[in-house]
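Residue numbers begin at 1 in each chain, while the letters A, B, ... track the order of the sequences. These figures come from a predicted structure and were not determined experimentally.
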2 protein chains.
Amino acid sequence: MAAAAEDAAGVAPAAEPGTGDGRAPVEFRTDPSRYRHWRLVTDGPVATLAMDVAEDGGIQDGYELKLNSYDLGVDIELYDAVQRLRFEHPEVRAVVITSAKEKIFCAGANIRMLAQAAHPWKVNFCKFTNETRNGIEDATRNSGQAYIAALNGTASGGGYELALACEHIMLVDDRSSAVSLPELPLLGVLPGTGGLTRVTDKRHVRRDLADYFSTRPEGIGGKKAVQWKLVDEAVPRVQWQERVSERAVAAARASARLPGGGRGVELTPLTKTRTGTRIGYTYVSAVIDRAREVAEITVLGPDAYAPSSMAGVHALGADFWMLAVARELDDLILDLRANETEVGTWVLRSRGDAAQVLAYDDLLLVNSGGDWLANEIVLYLKRTLKRLDVTSRSLITLIEPGSCFAGSLLELALASDRSYMLSGVFEEADPDASPAAIIVGAMNTGPLPMGNGLTRLQTRFYSDLDSLAAVEKRVSEPLEAEDAEQLGLVTFAPDDIDWEEEVRIAIEERSSFSPDALTGLEANYRFAGPETIETKIFGRLTAWQNWIFYRPNASGPGGALRKYGTGQRADFDRKRV
Amino acid sequence: MAAAAEDAAGVAPAAEPGTGDGRAPVEFRTDPSRYRHWRLVTDGPVATLAMDVAEDGGIQDGYELKLNSYDLGVDIELYDAVQRLRFEHPEVRAVVITSAKEKIFCAGANIRMLAQAAHPWKVNFCKFTNETRNGIEDATRNSGQAYIAALNGTASGGGYELALACEHIMLVDDRSSAVSLPELPLLGVLPGTGGLTRVTDKRHVRRDLADYFSTRPEGIGGKKAVQWKLVDEAVPRVQWQERVSERAVAAARASARLPGGGRGVELTPLTKTRTGTRIGYTYVSAVIDRAREVAEITVLGPDAYAPSSMAGVHALGADFWMLAVARELDDLILDLRANETEVGTWVLRSRGDAAQVLAYDDLLLVNSGGDWLANEIVLYLKRTLKRLDVTSRSLITLIEPGSCFAGSLLELALASDRSYMLSGVFEEADPDASPAAIIVGAMNTGPLPMGNGLTRLQTRFYSDLDSLAAVEKRVSEPLEAEDAEQLGLVTFAPDDIDWEEEVRIAIEERSSFSPDALTGLEANYRFAGPETIETKIFGRLTAWQNWIFYRPNASGPGGALRKYGTGQRADFDRKRV
């Protein structure tokens, strides 16, 4: 019934792969040898990432990727390239994003793709593209890889939003190239990848000029674009190549990229198995129970002692436990989000030695100020945990005997909507086990902030400095259930007698609730306190965009997204809401 | 087509008065003699506002207001009471909100009303109730009228959210009374009046406990409610009356309510005429052009010199120009929002003497630290301007010769999405006129902050301190169009030759755009920079709620809002978005 109503609301019949309807699941793993849409070239400290979208290379059927417009497949490659630059190219200190096509930088997200996509697909696509753009800003700010947008032709919509994620925007000044956000006048939707937030909050374009700009499909170029702060410079075509090179070299020179060994770490293919009910990697696995709408995710702790120095980490490369865990979790989150939209609850467990987790944490934190790889691994973990924070699934962590929720892995529990920690042991199954203990470590008190700029502990104890101080006094100390509950680090600590029933109800009841309301509830409660550009993008802007995407004025049969290119005007319900 | 699709999406057929369909318009003017749902009693410094909703007193047909549940009509009375307490009762320093019914404080917004209401009605209803609750916080913080929630029975949903707007929450401890947010489990929607934001950001309830709390329809009472910070105290029934009195007296004693004359200022009935095409008051009027979807609003400056002292203001009371303007604008905004949903663009003009406006501003600002009435008028103006900021209509200010956009009235232009200022004069119509000039005054640099905590100038020049400083250097100086444009105070400054065409296109093109996308665009661009509880409620939370309200999972024929009370379970589309 609800689904039928959704179709009637004009949302296109699901062109949505991998949700159990027999289509192939979306796969986020790729590598440069398989890129169809980007060319990645490095030249000493400067890398160039040139967009050259293959028109016939859409990840779904039904549209052509003209004018460097993009879909999820194009953005998966971009994400891969940004990641590889960080890990495989320690020598790179500046990245120029440009277009390999004449006269066009990028036309933004493909409109026919958006018009035909089901609502969950559109929302998930926007989320992923947003995360990639945030990652570009993270690389600029924290990895010493500064991104420069070299707009050698018009950048519209998502194309301009990609530029907005870069530190410096250059636009060719040729009387025809412009930047624009034509979503509102042409498509009846919002720029969905952070444009509205970055225009005012990052580039400080005046709000009334921003309003005018966003109603003008042809956009703004040349000196006026500079004057209004939409771009940093407008460069005549004759000086283009030279000026782009100069900027890149200067940015590379100013970069604070850390040293730590000349060679990069190859992001070797992830070992992944995927069946109908299980996704498995080396350290991370998920068992999918579609009937219960639950994925049971288990993260394994280290299977070896931490190397004694960073040399050992460099030698292990992608096999280093924490880097492997970050990559596996990252891929799993993306996979489940895209392919298992009805699996609404993720239950998180860990298994291993808490002390070892802390040893890995310490090795990285001691070195993250001086070794690029240590720094990158911590940043990657940060970004992966941020993905969890904005994932529209209920997250429940179960802390049982044998688990290793310490330091970096404790963040999984702190990112969850709720956590249950067994008080005592399972008397029948394993009476001799040691009771579960969690350990707060250095990773919990700074290096892994959420999008709101606070640590998960600070967010948890927002404005409750006493509780936060009480927790910080217990750093490094194994805390069993009663202590953990009393300190406010876990939600509930039932004993063996109550455990099964309490946990079962918590999970079962989740799948009886409205999935939409859960998404809204979690998106609000997870972000107590201050807001940043990032949380504004995922909170304020995304929520508005979701609403607008869903309304018939955009997605209905007479809506602007569907009418685009037909020569017919959209048929709007004129009521202002 | 779009409208048909809306119905198919399961949004109830419009039970929506006053949108040109022949129903009587919603009227926001009332007074205590007409209250049907509240009893307002004052006793020296303590006022008691007791909720006693008349079951048969719904503002629309089709539902009964059982268990102190409320609809827009109930909230209109609450708003009126809060306003009158500020102006008519300078002696009141503490306000106890309680229920006149046994065993129930308030069951929240009426569910049948929500189930039958059209989408724009629901959204507008939530906006108004949010504004009233923000006003309660403003009275507590800035007027020395502290609100105490005395929950003498269960407070659920919007009932608890009303309590959350109070400074202190007392709950009777009788083993059956509780506070709850049952929207998610029972109705498949979010608490729509700030609950999710205030629970974490104001009361600092831990996010995982908040999650649990919001999934538990029966709520939480007694000591646990105190422990979790959901309420401030749980009081046994035998001590109830005494303890409530004590708290009220203590709050009144601690209040910083300003002196300034014992007698209040009666908010006499507004003089208002309403025809099909015009709404008129003494100083404010709106001409409604439904074909163009435009309301042309004109605000007149003072028609007399400002009184020489506050004694004169007290004597004038509700006839004092600025108080009258605030009341008229306030009522007009509410009226147009509720009754003219298809009038998507408001064009704002002023007429009068700018120097006089500044004289009124100065009189109030010199006295607002010491005279309660001066303080209240400035606060009221602040709240009215905030209403504009969150109004889902395009705001365009036209600054022409004869206008008086100075100080407080200049805020109208600064609140607008765009402003156009005539350079020179209308050569044919009035060649001898003086060119328009705007004046930045003390009202623009502090006392009228937006919801984000910044002035409209600070928001406009967010992080551009040089531009802000340049403007502040010109305070008190009449600025003609070229100067105003150059300083960034107006968007465009066309001359007589271009004026008509440029303005016409700006307005006409607005009604060609998607109303939804405009709402989203404006809601984002208007709030550059930091966020507060208030902007989180209107931005993040409201946008999520709008989306959830609109989805079939809530409002469709099988949705939770429609199924509530039928004994049938809602039929959810299980996809997580």
- Residue among B:Lys229, B:Glu531, B:Arg569, B:Gln545 with most heavy-atom pairs under 4.5 Å to chain A: B:Glu531
- Task: For chain B, find which of A:Arg206, A:Arg337, A:Glu293 contributes the most heavy-atom pairs closer than 4.5 angstrom.
- Result: A:Arg206
- Under 4.5 Å from a heavy atom of chain B, the part of A:Thr519 involved: both
- Measuring heavy-atom distances to chain A, does B:Ala560 have an atom under 4.5 Å in its side chain, in its backbone, in both, or in neither? neither
- Using only heavy-atom distances, determine whether the side chains of B:Ser463 and A:Arg203 contain a donor-acceptor pair under 3.5 Å. no
- Relative to chain B, which of A:Ala523, A:Gly488, A:Ser419, A:Gly344 shows the most heavy atom pairs under 4.5 Å? A:Gly488
- Distance from A:Cys126 atom SG to A:Ile537 atom CD1, nearest 0.5 Å? 11.5 Å
- Task: Could you have a look at A:Leu187, A:Thr535, A:Thr532 and say which one has the most heavy-atom pairs with chain B under 4.5 angstrom?
- Result: A:Thr535
- Item | Side-chain ion pair, A:Asp211 and B:Arg510, N-O less than 4.0 Å | yes
- Say you draw a straight line from CG of B:Asn452 to CZ of B:Arg526; how long is it, rounded to the nearest 0.5 Å? 13.0 Å
- Query: For the atom pair CZ (A:Arg540) and CH2 (A:Trp544), what is the distance rounded to the nearest 0.5 Å?
  - Reply: 8.5 Å
- Considering only heavy atoms, which portion of A:Leu395 lies under 4.5 Å from any heavy atom of chain B: side chain, backbone, both, or neither? neither
- Interface check, chain B: of A:Leu209, A:Val189, A:Val123, A:Leu541, most non-hydrogen pairs under 4.5 Å belong to A:Leu541
- Query: Of the non-hydrogen atoms in A:Gly529 and B:Asp201, which two are nearest, and what is the gap between them?
  - Reply: N-OD1, 2.9 Å
- Interface moiety of B:Ser467 toward chain A, non-hydrogen atoms closer than 4.5 Å: neither
- Query: With chain A, which of B:Thr491, B:Thr459, B:Thr200 has the greatest number of heavy-atom pairs at distances under 4.5 Å?
  - Reply: B:Thr491
- Message: For chain B, which candidate among A:Asn124, A:Ile548, A:Asn524 shows the most heavy-atom pairs at distances under 4.5 Å?
- Response: A:Asn524
- Cationic tip of B:Arg551 within the cone over A:Tyr550's six-membered ring, i.e. under 6.0 Å and within 45° of the normal? yes
- Begin with the C-alpha distance, continue with both residues' side-chain angles, and end with the deciding distance and a verdict on salt bridge (Lys or Arg N to Asp or Glu O under 4.0 Å) for B:Glu522 and B:Arg393. CA-CA 8 Å; B:Glu522 292 155 4; B:Arg393 302 291 190 279; over 6 Å; no
- Item | Under 4.5 Å from any heavy atom of chain A - which part of B:Ile396 | neither
- Message: To the closest 0.5 Å, what do you measure between CZ (A:Arg460) and CG (A:Leu468)?
- Response: 11.5 Å
- Proximal component of B:Glu183, with respect to chain A [non-hydrogen, under 4.5 Å]: neither
- chain A shares the most heavy-atom pairs under 4.5 Å, among B:Val577, B:Asp516, B:Leu521, with B:Asp516
- Greatest number of non-hydrogen atom pairs under 4.5 angstrom with chain A, of B:Ala570, B:Pro191, B:Ser416, B:Pro530, falls to B:Ser416
- Could you check which of B:Leu186, B:Leu518, B:Val205 has the highest count of heavy-atom pairs closer than 4.5 Å to chain A? B:Leu518
- Go through the steps to decide whether B:Arg576 and A:Ser394 satisfy the test side chain to side chain donor-acceptor pair (under 3.5 Å), and finish with yes or no. CA-CA 10 Å; B:Arg576 272 294 202 119; A:Ser394 297; 2.8 Å; yes
- Query: Hey, does A:Leu336 have a side-chain heavy atom less than 4.5 Å from the side chain of A:Val343?
  - Reply: no
- Message: Shorter than 4.5 Å, heavy atoms on both sides: which option in A:Tyr212, A:Phe461, A:Tyr525 has the most such pairs with chain B?
- Response: A:Tyr525
- Note on the structure: Cut-off 4.5 Å, heavy atoms of chain A, and the answer for B:Glu509 is side chain
- Item | Closest-packed option against chain A by number of heavy-atom pairs under 4.5 Å, given B:Val199, B:Ile533, B:Thr197, B:Leu181 | B:Val199
- Query: A:Tyr420 vs A:Phe492 aromatic rings, parallel, tilted or perpendicular, using cut-offs 30° and 60°?
  - Reply: tilted
